[in-house]
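Presented below is the structure to which this report refers.
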Amino acid sequence: MKITVNGKEQELDIAPDLPLLWVLRDHLQLTGTKYGCGKGLCGACTVHLDGAPVRSCQTPASAAAGGLVLTIEGLSSDASHPVQVAWQEHNVPQCGYCQSGQIMSAVALLERTPSPSDAEIDSAMAGNICRCGTYTRVRLAIRQAGAQAGESQA
Ligand code: FES
Ligand code: FES
């Protein structure tokens, strides 16, 4: 099957029910997307499929066939995406394990809601669990990235 990942079309000889997470990590060596719970509960495996955030551990490869997948590696080549910059400025990560999923959820939120309210941030990020408790810094970084997007549009 064909799946376009980070702008590059990939021809893959894989079982249709293989979770997208393992397509990315094992077949394409895109290991920035993490395996946490494997049950759709933690958000560590979040990527975008056709612009929407999905849990790649719960997404069969067949669902991504012909689609556009974006992973943390595809946001920018040099960590210059505005959300990545805000993350660096607020020193968001602790152990880092959950952070690519956090960032992918945040990017999806800001793409559909450039200046989210606190309630919108809480709602969009509720499925991303951080065992290190970085939630406060995650929200600060999202607010900053959202405010900068608003300024650049003004
Ligand atoms: S690993 Fe997919 S939601 Fe936890
Ligand atoms: S930074 Fe450690 S789990 Fe989130």
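Bear in mind that the values here come from a model prediction, so they are computed numbers and not experimental data.
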Inter-residue atom distance C42.SG - R131.CZ, 0.5 Å rounding: 9.5 Å
Summary of salt bridge (Lys or Arg N to Asp or Glu O under 4.0 Å) pairs that have at least one residue in residues 98-119, sequence neighbours excluded: D118-R143
Residues 26-38 side chain polar contacts: donor-acceptor under 3.5 Å, at least two apart:
{"from": "Q29", "atom 1": "NE2", "to": "D26", "atom 2": "O", "distance (Å)": "2.7"}
{"from": "K34", "atom 1": "NZ", "to": "T31", "atom 2": "O", "distance (Å)": "2.8"}

Can you tell me how far CG of L18 sits from CG of L12, rounded to the nearest 0.5 angstrom? 9.5 Å
Set of residues satisfying side-chain contact (heavy atoms from CB on, under 4.5 Å) with respect to T4, sequence neighbours excluded: E9, L68
Value for CD1 (I103) from OG1 (T71), rounded to nearest 0.5 Å, stands at 11.5 Å
Hydrophobic cluster mates of L41, side-chain heavy atoms under 4.5 angstrom, ILVMFWY only, any path? none
Any side-chain heavy-atom pair from D17 and S62 closer than 4.5 angstrom? no
Residues 78-90, side-chain donor-acceptor partners within the protein, below 3.5 Å, at least two apart:
{"from": "D78", "atom 1": "OD1", "to": "S80", "atom 2": "N", "distance (Å)": "3.3"}
{"from": "D78", "atom 1": "OD1", "to": "S80", "atom 2": "OG", "distance (Å)": "2.5"}
{"from": "H81", "atom 1": "ND1", "to": "V83", "atom 2": "N", "distance (Å)": "3.0"}
{"from": "Q84", "atom 1": "OE1", "to": "S76", "atom 2": "OG", "distance (Å)": "2.6"}
{"from": "Q84", "atom 1": "OE1", "to": "H81", "atom 2": "N", "distance (Å)": "3.3"}
{"from": "W87", "atom 1": "NE1", "to": "Q99", "atom 2": "OE1", "distance (Å)": "2.7"}
{"from": "Q88", "atom 1": "NE2", "to": "A79", "atom 2": "O", "distance (Å)": "3.0"}
{"from": "Q88", "atom 1": "NE2", "to": "Q84", "atom 2": "O", "distance (Å)": "3.2"}
{"from": "E89", "atom 1": "OE1", "to": "Q144", "atom 2": "NE2", "distance (Å)": "2.5"}
{"from": "H90", "atom 1": "NE2", "to": "Q144", "atom 2": "OE1", "distance (Å)": "2.7"}

When rounded to the nearest 0.5 angstrom, what distance separates CG in L140 from CG in N91? 11.5 Å
Pairs touching residues 39-59 that satisfy salt bridge (Lys or Arg N to Asp or Glu O under 4.0 Å), sequence neighbours left out: none
L21 reachable from M1 in the ILVMFWY side-chain graph, under 4.5 Å edges: yes
Within this structure, what is the CG-CE distance for the pair L109 and M104, rounded to the nearest 0.5 Å? 13.0 Å
Who are the salt bridge (charged side-chain N to carboxylate O under 4.0 Å, His left out) partners of R25, not counting sequence neighbours? none
With sequence neighbours excluded, residues passing salt bridge (charged side-chain N to carboxylate O under 4.0 Å, His left out) with R139: D122
Applying salt bridge (charged side-chain N to carboxylate O under 4.0 Å, His left out) to D13 and not counting sequence neighbours gives none
Flag the pair L70 / N6 as yes when at least one side-chain heavy-atom distance between them is below 4.5 Å, and no otherwise. yes
Under a 4.5 Å side-chain heavy-atom rule over Ile, Leu, Val, Met, Phe, Trp and Tyr, are V92 and L110 clustered together? yes
For a quick test of reading the model, state the closest non-hydrogen atom pair linking A106 to M125 and the distance between them. N-SD, 3.8 Å
Kindly write out the residues that satisfy side chain to side chain donor-acceptor pair (under 3.5 Å) with R137, not counting sequence neighbours, or none if the list is empty. none
d(H48 NE2, S105 OG) to nearest 0.5 Å is 6.5 Å
Name all residues meeting the ring pair (Phe, Tyr, Trp, His ring centres under 6.0 Å) criterion together with Y97; count only those two or more places apart in sequence or in a different chain, and write none if there are none. none
For I142 and P116, which heavy atoms make the closest approach, and how far apart are they? CG2-CG, 4.2 Å
State whether the side chain of N128 and the backbone N or O of C98 hold a donor-acceptor pair below 3.5 Å, judged by distance alone. no
